[in-house]
Each structure stands twice: as C-alpha cells, then as structure tokens.
2 protein chains.
Amino acid sequence: MPGGDGAVVERGNIVTRIDDVARLAGVSTATVSRALRGLPTVSAATRRRVLAAAEQLEYAVSPSASRLAGGRTGTVAVVVPRITRWFFGTVVETVEDHLHQAGYDLLLYNLGGREQIRQRVLRTANLHKRVDAIMLVATPLRPADLTALARLELPGITISSGSHVPGWPCVRIDDVAAARTATRHLLDLGHRRIAHISGDPDDELAFTTHLDRRRGYQEALRAAGIDPDPSLDVESQFTIDGGTRATAELLARGEPPTAIFAACDEMAMGAISALRDAGLRVPQDVSVIGVDDHDLARVLGLSTIAQPAAEQGRLAVRLLLDPLRTRTADPYAGQVPEQRGPDHPDDPPGQQPVILPTRLVVRDSTAPPRAH
Amino acid sequence: MPGGDGAVVERGNIVTRIDDVARLAGVSTATVSRALRGLPTVSAATRRRVLAAAEQLEYAVSPSASRLAGGRTGTVAVVVPRITRWFFGTVVETVEDHLHQAGYDLLLYNLGGREQIRQRVLRTANLHKRVDAIMLVATPLRPADLTALARLELPGITISSGSHVPGWPCVRIDDVAAARTATRHLLDLGHRRIAHISGDPDDELAFTTHLDRRRGYQEALRAAGIDPDPSLDVESQFTIDGGTRATAELLARGEPPTAIFAACDEMAMGAISALRDAGLRVPQDVSVIGVDDHDLARVLGLSTIAQPAAEQGRLAVRLLLDPLRTRTADPYAGQVPEQRGPDHPDDPPGQQPVILPTRLVVRDSTAPPRAH
DNA sequence: CTGAAAGCGCTTACAG
DNA sequence: CTGAAAGCGCTTACAG
C-alpha cells in the first residue's frame, strides 16, 4: 500500500508504531523490540526509557508484523466437539484463562459434528502458519487426520483422546476405571440388572471415550460374575436427548433394568427425564449414575463419577506451552515479562498419557433395588 | 531473519509461498494474490492456471503477511462473561459456525468475572491491530470502557447488552417484556405472593439484564394491583448456585412465596434444588419459572420464557460482517470466493436495537397455588 | 488484464 | 549493550 491512503480501507485507531517509540526513547527500533520483550541484552537504563516511551505513547505491537518477522503467532488453536457440552465448556474456560495469562491468543474451533468442518480444520493447511500449537479436545482422529497433522509439524496436545498423535502429550482420565467404579457402585448396592447407555460409534463425533466406558462396565459385571446382556446396552448420543432416547429404547425392550449407568451426566439427565415420563421413580424404581459431575448433577441429586475437567485444561496448557516458551522470547504484549532464568527443569512429559484421578460421588439417584 | 536458519526457531511445515505459485503458474505474485482472492480483474484463463498451481502446491497464505500487507486481520474478538453458562455457550457455538463460514477466525475472550481481564480486553490496546471487529455478549460497559472502545475505532456489535456503543448495532430480547410475561403467567395462575430472584448489581459481571427483568416483574405486579414486596426480592448471581442461595435466603425470611420468578433458568434450577432441600414441592407448594429455555429446562419440567440464543448469535454475525465485507475482498482462505456483484442492498441496520421475540413455555414447574 | 516495486511494521543475525 | 539493514510474505496503487 505505497503511500496508502484515500480509497484504501480506513484502518484508523491508535497509530503508534515501533519507530515512534524508538524516536521518543532515543534508541533504535531494534532496541525497542528487545527492551519490550524483556530480552536480557538491554541495559536497565535503556529499558526504563523505552518502557516509559511505550507507555506514554500507548504503544501496542502489531501482531501481524511481529508474527511475520518473528515466525511465531502467539496463538493456539483449541478444537472441541461442542462447546455447549459441560465438559468442553469447562475445559475451554480454564484453557482460555491460562492461555491468556501466558500471553497467547485462543482460536476457537467448534466441530459441531460436521465432518466437513473437521476436515477443514484438521486436514487442510488451515492451521498452518496460523497458530503455534494445537489443542485437540476429545477429537477423534482417523489415519488421514494423523497424516495431515504430522505434516503440519506443529506441537500439540490432546485431552481425553483415544488417538495418540506422535510427539503430542495427552491428558485424560482412566475411562475404563471410571466406568468400573460406577458399575461396581451399583453392584455393591445389590443391583444385577444394570443397563448401560452410551455414545454411538456411527456418530461423526465418535470418540473412544464411550468404548472405554463400556469396557469398564462390562469388566465390572464380569468380575461380579454377570454376563453383560446386550439388550441392556443401548447406544445413542452423548447428550441429554441421547440419554432420553436411549432410555426410552431400553424401556421399550421389555422389563426395565433396576439401574442405569450412563456414560456421561448429560445422558444420565436424559435418562432421568425418560424414566420420569415412563412413571418410574429414581432411585426407588431405577437407580441412575453418570460420569462427569456436571454443574447440575448436584441440583438433580445425581450420583456420578467426578472427573476434573478444569484441571485437565490447566495441565494441558502447561504441557503445551512449557516447551514452546523455552525456545524464544514471547512477543511484547503490553507488559514486559520478568527476565527468565534458564529453562525450568520441571517438565519431563513423556509419551505416557497423564492420567488424572476420578472420584465416586454418591447422591440421591442411586439406592438398593426394591426387590432386595 | 536474514538467511534465517540454524539457531532460529524451527518453523517447519509446508513452505509453499506465493512466489512458488507464481512461478508454477507463470505469472506475477500480484496476479496470484488477485486470482486467489477472486478479484474481478483477472482473466478466466489466468485464474484457472493460478488455482491449479495453488492446489498442486497446497498453497495456503500466510495470515501474518496477508494481514500486515492488507491491513485486515480476518479475525473477530468474541467476548463473553462465562462460556460455561447456557446462553453464552449457545451464542458462541452459532457465532463460531457463521464466522468460520465467512472465513473469519474467532478469538475467544472469557471474562470470568475478573475485572482485571475485562480491563485488559476492553481498555488497553489489546484488541487493537489484532481483530477487525468486536462482538460483546452481555458485557457491561462503564464510561471508561466506552471511551476506550471508541478510541479503537473498530466496528462491533453487542448482544444482550444494556450499554449502547455509538455506531454498533445491538441484538437482544425485550427483557422487560419477558419478565412481565413470566410474572403475568404466575398471576394468571392465581399467585399473589410472587418472589423474584435475580442478579446482583455488585457482581463484577453485573449487567443490565437483571435490572430490566426486575422492572418487568414489578410492572406486572403493579398492573395486577400488587405492590412489589422488597422482602420477596432477593439478589444473587446468575448461576445455579446463585439461585440456590437466593432461595435459601428467601425461605429464611419467613413465610415462603407461592411462586418464584427466577431471572434465568440456571437460577430457577438452583431454586428448585433449594426448595427440595427445604421439603417444599414444585409446583404443589411453590411454582417456579425462569427465562432462557435452557437445554435442561425440558428435562426438569421447568416453565420458562424461551429466548432465541442461537438466532441472536446468527443475526449478530450477519450485522457485524455485512458492512465489513463490502469494503474489500476477503483474503484467500483455501478456496476462491464466487465473484460478488455490487453491495447487497439488504442491510439497513439502524441505531435501533434488533429485538428478537420470546415465548412462554409452560411445563410442570408452575401451577395454581394450593390455597386457591 | 497484468507486472514491477514499494511498503506493511516488526525481528534478527551481524558487526561493532 | 546497541544500531543499520535485511528480510519475513504478502497486497496495493501505479503504470502499462
């Protein structure tokens, strides 16, 4: 835009550039750049002058210019299946907090079950040159996705993912164990006819979570000498509606179970709704337990396996960012970072997934079966 | 980064640049740039060759370079109080969809009630040079915020906001009317002792929504010849917990009301929980109605005033983007846009807020009072 | 319809 | 510790 003006898009705003700061501080732009980013090769006196000038002029770097010149975007792509679901919303909330604290921008991608979007995000070069790192939350990866991801050569992390991306750490809970605990709780109460409602593998959002939870359910049954009854195992979606539909289907199949283990709290809530509609009381007629410890679980008196959603988000940000930060100085983001010592010696994230603990929370939706 | 290599941050990835495409297509980079963005000043034959070359090389523009040269970021900042709350999650989900469809990136800011974050986002030059537009969802604006926003000179839009930013359109519901309808529903059922639980003005997230809803509540009472009883009006937070606390407080004050109008569904759910804990049945002992039509409202049988959250998000994106798009061509984002005719003549968004309709949804949580 | 060249606003070796 | 200058990869008047 030589001599840019006139018909060109009006950009307006506060137009302080780095050379304005340099001029006011009486140094070169190179020195301003270094001072503002807290690089160690600047004298204290110079730094002070630069900071004062930047503040006086209300200077803010141009992210585009900084990114182009520096080769870093200071941005992380966060990919979730559906931001409206409790687990994903909670994870994103924590991730946003820690990412911004660390000076990173958060680019949000909500897949929403649309395969087309999935491909655009994962398989094209869309993320390429746009972000420094990728966080995939419960995003199922197909072989082609893995290939595309590998070609991007970007660092990343997965949360609650079944697929392993080579070189990417993973944070999750032990879904098999969580399901085992839930089922065992029902068994301990005396239940024998325990149904399971879970995710649909044909769903475009299919992820391995539900497979693991089913496995835990079946393991617990077998350990108690019970052969899993396929007619008590219904697949639907990981949503309230999915739980309602699955439960209706379950009831339509004949004699109701005395207990239902729902693969997530939202399905459990749907189950409670369907049971109520069918005139069955919870827990007198049918016990219900879920997984998550959704905000509303307490309100509904829902027994559940609590999982630390926020903690998974927090940890994921740390595992993702720590390696990035030791590479080079962060771009100036309004305040000069403290000068760092040598690399923190506290992050040896191996290739093993980091497993966070879950916890059985007994409320009012589970009780011994009546016949007992 | 002259001769960049060696110790420099390894950037890796697919390194096709615009001149690779130009060389392969046998044209200048200027022509590649124009062809890829669908500008009209390129011959069909040339365009075809450029597209083929870009595809063959899997070329993707560098957003940083494009933004720096073009002066547009192709990014919108979306600011919400708490992404985990139903209304905001639902709005963001729709907004994300439409923004990405239009080729824009979404930078997410979750205020989380932290005044410090609010200031960083709204009052500093943080957004400046970083986004082309701002969407503020239910974000309360103080005079200093308005000044700061005005200085940014960025286009923007507010959803569900009490504050008017000069030049920004606003999408919302009529909160006063919604509250009036809810209260009148309770009056029509025969209730006279109708309590109201609502948001706390001292809350850092305080927004005018709750003031409007209280006004509607009081107007409906007065229209029915009832003087609003301050002891039946409790302030708390717009959350489940807030609803629980407010209701507990209400019950502690003496004779319970026969009905509660909660300012949002989440508060209503908290109210139901508190009532149950107090041994009161809904709706036999106390009726409860909220506002929103939260996903769980149906499950809980909660009567409510439904508001179109997704529709507000969709409309907001349109009102925000339409004026932007007529200014200049969108940057290349992987596929060439169809060539546009002259500006759409279909967007005359005045300074008047766009008010979307609400709707009374009667479920099982409201019934005539027993005494009646 | 197309190209040469300037310019967007930074950061980074390099040389001192 | 600091500066001059190249370069990051695009887009845009301008001239044809």
- Whole-Å distance, B:Leu68 CG to D:dT12 C1', equals 13 Å

- Query: Is there side-chain contact between A:Val27 and A:Arg49, with at least one heavy-atom pair below 4.5 Å?
  - Reply: yes

- Message: Under 4.0 Å from OP1 or OP2 of D:dG3: is there any side-chain N or O of A:Thr31 that close?
- Response: yes

- Message: With a cut-off of less than 4.0 Å, is there a side-chain N or O of B:Ser33 near OP1 or OP2 of D:dT11?
- Response: yes

- Task: Please state how far atom CZ in A:Arg72 lies from atom P in D:dG7, giving the value in whole angstrom units.
- Result: 23 Å

- Message: Suppose we define a pair by two distances each less than 3.5 Å, Watson-Crick or G-U wobble; what does C:dA4 pair with here?
- Response: none

- Would you say D:dC10 has OP1 or OP2 under 4.0 Å from some side-chain N or O of B:Tyr59? yes

- Message: The side chain of A:Ala30 is closest to which nucleotide in this list: D:dA5, D:dT11, D:dC8?
- Response: D:dA5

- Under 4.0 angstrom, heavy atoms only, what part of the nucleic acid is B:Thr46 near: base, sugar-phosphate, or nothing? sugar-phosphate

- Item | Nearest-Å distance for atom pair CG/P, residues B:Asp19 and D:dG9 | 8 Å

- Message: Is the phosphate of C:dC1 approached by B:Ser43 (side-chain N or O, under 4.0 Å from OP1 or OP2)?
- Response: no

- Message: Of the options D:dT2, D:dC10, C:dT2, whose atoms approach the side-chain atoms of A:Arg34 most closely?
- Response: D:dT2

- Rounded to the nearest Å, what distance is computed from the CZ atom of residue B:Arg37 to the P atom of nucleotide D:dT11? 5 Å

- Task: Would you tell me if any nitrogen or oxygen in the side chain of A:Arg47 comes within less than 4.0 Å of OP1 or OP2 on D:dT2?
- Result: no

- Query: Hey, would you say the A:Tyr104 and A:His98 ring centroids sit under 6.0 Å apart?
  - Reply: no

- Taking the side chain from B:Lys129 and the backbone from A:Pro63, do they hold a donor-acceptor pair closer than 3.5 Å? no

- Is there a Watson-Crick or G-U wobble partner for D:dA13 with both distances under 3.5 Å, and which nucleotide is it? none

- Check: A:Thr158 and A:Thr139 side chains under 4.5 Å, non-hydrogen atoms: no

- Query: Considering only the C1' atoms, how many Å lie between C:dG16 and C:dT12, rounded to the nearest integer?
  - Reply: 16 Å

- Less than 3.5 Å between a donor and an acceptor, one on the side chain of A:Arg67 and one on the base of D:dG9, is that the case here? no

- Message: With a 4.0 Å cutoff (strictly under), does any side-chain N or O of B:Lys129 reach OP1 or OP2 of C:dC8?
- Response: no

- What is the distance from CZ of B:Arg130 to P of C:dG9, rounded to the nearest Å? 16 Å

- Item | DNA chain D: 5'-proximal contact among B:Ser62 and A:Ala44 (nearest heavy atom) | A:Ala44

- Message: When you measure from the side chain of A:Asp132 to the backbone of A:Thr73, do you find a donor-acceptor pair of N or O atoms at a distance under 3.5 Å?
- Response: yes

- Item | Minimum-distance nucleotide (side-chain atoms of A:Ile18 versus C:dG3, D:dC10, C:dT11) | C:dT11

- Just how far, in rounded Å, is C1' of C:dC1 from CZ of B:Arg48? 15 Å

- Roughly, in whole Å, what's the span from CG in A:Leu36 to P in C:dC10? 10 Å

- Task: Tell me whether the OP1 or OP2 atom of C:dC10 has a side-chain N or O from A:Ser66 closer than 4.0 Å.
- Result: no

- Message: For the residue pair A:Asn110 / B:Glu96, report whether a side-chain donor-acceptor contact shorter than 3.5 Å exists.
- Response: no

